[in-house]
Amino acid sequence: MTAKYYITTPIYYPNGEPHLGHVYTTLCADTLARYHRLVGDDTFFLTGTDEHGIKMVKTAADAGVPPRELADRNVAVFEAVWKELKVTNDDFIRTSSDRHKSAVQEIVRKLVASDDIYLGAYEGWYDEGQEEFVTETEAKAAEYKSTISGRPLVRYKEPTYFFRLKKYVPRVLWHIESHPHFIQPESRRNEVLSKLKAGVEDLSISRATLKWGIPLPHDPGHVLYVWIDALSNYITALGYGSGDDGRFRRYWPADLHLIGKEIMWFHTVYWPAMLFALGLEAPRQVFAHGWWTAGGRKMSKSLGNFIDLEKVRAAIGTYGQDTLRFYLLRAAPFGADLDWNDADLAKSHKELANVLGNCLNRILKMTKGVMSAAGASDPIDQHLAEMTEALPAKLADAYARNALQDCATLPIELARATNGYIDATSPFKLKDPAQFPRRDMILHLAARAVSRALAAMLPILPHKAAEGLAQLGVNVEGKTLAELFGELPAGQKFQAGQPLFPQVG
Ligand code: MSP
């Protein structure tokens, strides 16, 4: 069944260049978007940059440039890197763009009109790195330091507009409790629920002392709190609040907001509350993936284990983009924390070469360039035939659960089983013409299995899987996954080429 599928990444702060964390979220979202396009869903994939707020102002001041210049410089790098990594986003939203700013002002106008915003005064703690208000109890428990960066919290005391968050808490709670798939993984859901139940205050949503942001339409001396500005991107990019909201009507609610675990609260409490206040539906799912560490420790520039753009590019230079994608997805069950390790990256490449690449090569060699017809079968065939048959449904189930590690390993397991089947049946030993029907059947089943494994790998190895299928005479252009899972017709010409995953070093 085809449907619409709207997937987003967080919009990243362009206060620096993208690093492994950004690359990971974006490539995971790209994999999901590619899968949904392949199954024929009307897919829309959004990413972008979150350019306002105090963090941008401070980084720009340190660099001696205006925030706009810092943003322009790094946004250019983000956009170029996504192109370089062949990320298939359908749009890229900048919060400094006119289309976003005018739509956000429209949102604020609506919230003022519905009396969901009122003027008051805020006094309390703020985590400037996270752009997050922190309660006295949380601040005290964290010794007045950021739980993420360890930097001291800052005391704010100023007039501010508030959003009536408390009014929407019962509905948000109800929504989370009655939609078990809204927050994933499950453990994150419990964290949000217990924090919500502990009590929540109305949310300060404007800053009178900051100039770098979107001015409130009814009181331009205040700029909008950066998170309210940022979360709105998921609808402003679709044209909500503009004269042209066709995309909004077509794609909202989002099917999946993919995020890192540290920004769950904003996405599952503030964002649905805002949407409810606007009379809109909540996103269908917010999935928080884990955090990357490197060499077992938090990535940090001072420790020298920071996986920056240069290191990501070096990994691609050595192993290629598809191996990097496979490694990132395979590294841990999706949602768990992950650890970057050069030896594991090398192992992932070897696995692709020895299992998938090698399986294809053996078959291409033994078939002598043509797909053989099905012939006499034997009980030993059953296991591989069943695994091949079962792959499409297993893959669909893994994608439906966002179990990206399974999505990466299921096809590899089929290729591994195919190699085992070839070893066990030894078709290369069947040289007597009387044995040819049996040999043909073995090669038929093996070729069918590896072609399915390759097709299943297309969202993860978009280039190598297409190359492998081309060697089996299949052009993937414009085909759905269901079509690609179909039979390879007997007599189809193969075209052996270069090994898909050349040996490194
Ligand atoms: N601008 C906000 C998001 C607003 S969304 C409406 C923001 N930006 S960020 O530049 O800090 O990016 C945070 C995101 O980058 C995380 O949610 C995650 O997707 C990714 N990662 C950054 N570091 C990471 C790791 N070390 N590991 C995995 N992903 C992490 O927050």
Side-chain angles (χ1 to χ4, degrees), residues 7-30 32 46-56 59 67 70-71 74-75 77-78 81-82 87 92-96 100 104 107 127-132 146 148-149 188 213-214 224-237 254 256-272 274-275 283 286-301 303 305-309 311-312 327-329 331-332 334-340 402 404:
I7 179 168
T8 66
T9 71
I11 49 171
Y12 306 112
Y13 294 125
N15 62 330
E17 295 188 339
H19 56 68
L20 175 66
H22 307 123
V23 167
Y24 177 62
T25 314
T26 307
L27 291 182
C28 291
D30 183 61
L32 288 160
L46 177 70
T47 188
T49 41
D50 181 0
E51 305 182 21
H52 296 128
I54 190 74
K55 179 172 169 140
M56 283 297 288
T59 321
L70 177 73
N74 286 317
V75 169
V77 183
F78 270 90
V81 169
W82 300 154
V87 172
F92 186 101
I93 180 110
R94 296 186 58 172
T95 56
S96 63
H100 176 75
V104 164
I107 289 172
D127 177 341
E128 291 191 334
Q130 282 301 97
E131 301 277 12
E132 183 170 11
S146 165
I148 305 285
S149 67
R188 305 270 161 240
I214 302 180
L224 190 62
Y225 171 40
V226 65
W227 268 100
I228 301 296
D229 166 353
L231 290 162
S232 305
N233 92 87
Y234 299 131
I235 56 177
T236 64
L256 180 61
H257 290 320
L258 191 62
I259 59 169
K261 63 181 182 178
E262 82 291 0
I263 56 176
M264 195 54 153
W265 180 250
F266 304 96
H267 282 81
T268 55
V269 177
Y270 299 167
W271 181 223
M274 270 175 76
L275 289 164
V286 180
F287 191 106
H289 63 64
W291 262 50
W292 278 93
T293 53
R297 307 172 72 171
K298 189 175 167 168
M299 291 199 302
S300 112
K301 296 211 164 114
L303 284 178
N305 68 343
F306 196 82
I307 309 296
D308 58 10
L309 191 52
K311 293 210 175 124
V312 170
Y327 165 64
L328 296 180
L329 264 56
F334 198 49
D337 287 336
L338 315 99
D339 188 52
W340 177 279
N402 301 313
L404 289 179

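Just so you know, residue 1 is the first one in the sequence shown, and it goes up from there. Just the heavy atoms: all of them, side chains too, but no hydrogens, waters or symmetry mates, feed the values below. Whatever order the structure lists ligands and atoms in, that order sets their numbers, starting from 1.
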- List the steps and the verdict of ring-ring contact (aromatic ring centres under 6.0 Å, His included) for Phe92 and Phe78. CA-CA 10 Å; Phe92 186 101; Phe78 270 90; 7.5 Å; no

- Going by the angle between their ring planes, with limits at 30° and 60°, are Tyr270 and Phe266 parallel, tilted or perpendicular? perpendicular

- Query: At their closest point, which heavy atom of Tyr24 faces which heavy atom of Gly290, and how far apart are they?
  - Reply: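 So the two residues come closest at CE2-O, 4.4 Å.
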
- Looking only at non-hydrogen atoms, find the nearest pair between Thr25 and Pro10 and report the distance.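 That would be CG2-CD, 3.6 Å.
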
- Message: Whether Arg94 and Glu51 form a salt bridge (side-chain N of Lys/Arg under 4.0 Å from carboxylate O of Asp/Glu) is what I want to check.
- Response: yes

- Got a salt bridge between Lys261 and Asp337, using NZ or NE/NH1/NH2 to carboxylate O under 4.0 Å?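 Answer for the salt bridge query: yes.
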
Pairs under 3.5 Å, N/O atoms on ligand 1 and on the protein: can you put them in a table with the distances?
unit_1   : atom_1 : unit_2 : atom_2 : d
ligand 1 : 1 (N)  : Ile11  : O      : 2.8
ligand 1 : 1 (N)  : Asp50  : OD2    : 2.7
ligand 1 : 10 (O) : Tyr13  : N      : 2.9
ligand 1 : 10 (O) : His22  : NE2    : 3.3
ligand 1 : 17 (O) : Gly260 : N      : 2.9
ligand 1 : 17 (O) : Glu262 : OE2    : 3.0
ligand 1 : 19 (O) : Thr25  : OG1    : 2.6
ligand 1 : 19 (O) : Gly260 : N      : 3.4
ligand 1 : 26 (N) : Trp292 : O      : 3.4
ligand 1 : 27 (N) : Trp292 : N      : 2.8

